[in-house]
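Down below is the structure, laid out as structure tokens.
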There are 2 protein chains.
Amino acid sequence: MEHLSDTTWRFIHHFGEMGSRWGISRTVGQIYALLYISHVPLNADDITYLLSFSRSNVSMGLKELQSWRLLRSEYRAGDRREYFKAPEDVWEIFRTLADERRRREVEPTLSVLRECLLDPKNTPEDEHFHRRMQEMYDLISMANEWFIDIQKLSAEDLTSLMHLGAQAKKLLHAKNRLLSFAGLTKEEVSE
Amino acid sequence: MEHLSDTTWRFIHHFGEMGSRWGISRTVGQIYALLYISHVPLNADDITYLLSFSRSNVSMGLKELQSWRLLRSEYRAGDRREYFKAPEDVWEIFRTLADERRRREVEPTLSVLRECLLDPKNTPEDEHFHRRMQEMYDLISMANEWFIDIQKLSAEDLTSLMHLGAQAKKLLHAKNRLLSFAGLTKEEVSE
DNA sequence: CCGTACTTTCAGGGATTTCTGAAATTAATG
DNA sequence: CATTAATTTCAGAAATCCCTGAAAGTACGG
């Protein structure tokens, strides 16, 4: 890649902007967009040249992306530079991203909430605070578990489920009807 | 509320930090955490006093939270100040938050991708860029549609589905078996 | 309309984050 | 083990974001 076309630049630029709205800095977003779209793995100098920011910034950016487990890298015979690329599978990228955010943000939030919920309740006001924190804890905790669980599924299964969308509700009800028809309660059906 | 207890302060402080990792500033995060946890609606002066930052900052923060549709407010007889609170239902809060982010971040991203996909492909390299952008577009687009669809469901239905988690896969396969048992293809079953 | 109670706006200062370039570090090669 | 290639670190500059206080705006009650 000699230099960036208008289209690729727009793509890269947009993901820079998006990145800066999330925890990621603009340049890190751009580096990842570039690696995502490139048809060939790139080394740090390639990135420095194509995006024209400082070599050290690229180095730090790559390090950060690695800490998010978002990069694959390889070495080549007779070349001691490291070549980076994003995973082929878009699903994998989003999954990793989401999981890393879960670990960095959701888990610590749950810890703080758990601690707050352990504190003594001295006043009726405290009772109310406790209740609200509990509500939030329950929701976040459930979503967290759900996400961990859902990660087991393959991209294809996830795709099917997504296409199912709100229809899943009907399926759920149908399932419950079948169970009660068979004279079973939910509890009797183990896993 | 005369002043904040240690526990509430920890809660508020944490959501300030979390907010600053998302698009929201620290103080806006704190204001919302306070309004969320308070047992009684608060006016701007209450917030200024309890969190001790400037009145104007509180004003701007409330305005921003309103632009996210995250606040309810009320007026009281003989008091011209506006009193704010967060919705009672935690589900509603997260739903609103997610939907607003969808509108502010996901939709514009899809627009950019659509535009990029319309651009002419001049080289084999461009073909590759196109393919990668298409892959990303397809995934984001599907997730977007899915989320819009899922929003129709009630908190209870969502809870059931979440508890179902990865088991939903079995349900999906059961459905397909039922369909093929009935001699129907997916395509023949419209909605 | 005037005064009062409250809210909003916004320019500028302060704080934080991000980026750079020089120097240090690491690692491969002859 | 010296040389060279590549990477990383880090202090400070630059850019950005956030918050404040003063001033302007709004709206209600008399």
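By convention in this document, chain letters (A, B, ...) are assigned in the order of the sequence lines, proteins followed by strands, and residues within each chain are numbered from 1.
Listed by chain and number, the residues in a salt bridge (Lys or Arg N to Asp or Glu O under 4.0 Å) with A:Arg10 are B:Glu115, B:Asp119 (sequence neighbours excluded). Residues passing the salt bridge (Lys or Arg N to Asp or Glu O under 4.0 Å) test with B:Asp79, sequence neighbours excluded: B:Arg81. For the salt bridge (Lys or Arg N to Asp or Glu O under 4.0 Å) test, residues two or more places apart in sequence or in another chain that qualify with A:Glu74 are A:Arg76. Qualifying side chain to side chain donor-acceptor pair (under 3.5 Å) partners for A:Ser54, counting only residues two or more places apart in sequence or in other chains: A:Ser56. In this view, B:Ala166 and A:Asp149, A:Leu153 satisfy the side-chain contact (heavy atoms from CB on, under 4.5 Å) rule, not counting sequence neighbours. Scored by the salt bridge (Lys or Arg N to Asp or Glu O under 4.0 Å) test, A:Glu107 finds A:Arg102 as partners (sequence neighbours excluded). Scanning for side chain to side chain donor-acceptor pair (under 3.5 Å) contacts around A:Ser73 gives A:Glu82, with sequence neighbours left out.
Along DNA chain C, the nucleotide closest to A:Ser56 and the one closest to B:Arg81 are compared, and the more 5′ of them pairs with B:Arg81.
With rounding to whole Å, A:Ile31 atom CD1 is found 13 Å from C:dT18 atom P. A:Gln66 places its CD atom 11 Å from the C1' atom of D:dT7, with the value rounded to the nearest Å. One interatomic measurement links the two molecules: CD of B:Glu64 to P of C:dC10, which rounds to 16 Å at whole-angstrom precision. Counting to the nearest Å, the P atom of C:dT9 and the CG atom of B:Leu62 are 12 Å from each other. One interatomic measurement links the two molecules: CD of A:Glu82 to C1' of D:dT7, which rounds to 10 Å at whole-angstrom precision.
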Can you pull every protein N or O that's under 3.5 Å from an N or O on nucleotides 24-30 of chain C?
none

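Counting only residues at least two apart or in different chains, ring pair (Phe, Tyr, Trp, His ring centres under 6.0 Å) contacts with residues 129-148 of chain A are absent. Screening residues 39-94 of chain B for ring pair (Phe, Tyr, Trp, His ring centres under 6.0 Å), with sequence neighbours left out, gives A:His128-B:His39.
Looking at every heavy atom in both residues, A:Leu161 comes nearest to B:Ala168 through CD2-CB, 3.8 Å.
The side chain of B:Lys63 contributes an N or O atom lying less than 4.0 Å from OP1 or OP2 of C:dT9. At the phosphate of C:dT8, OP1 or OP2 sits under 4.0 Å from a side-chain N or O atom of B:Ser59.
Note that A:Arg101 lies in the cation-pi zone of B:Trp22, set by a 6.0 Å cut-off to the ring centre and a 45° limit from the axis.
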Do nucleotides 13-19 of chain D as a string where each nucleotide becomes B, S or -: B if the base has a protein heavy atom under 4.0 Å, S if just the sugar-phosphate does, - if no protein is that close. ----SSS
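Sorted by residue number, the list of members of residues 32-48 of chain B with any non-hydrogen atom under 4.0 Å from DNA chain D is empty.
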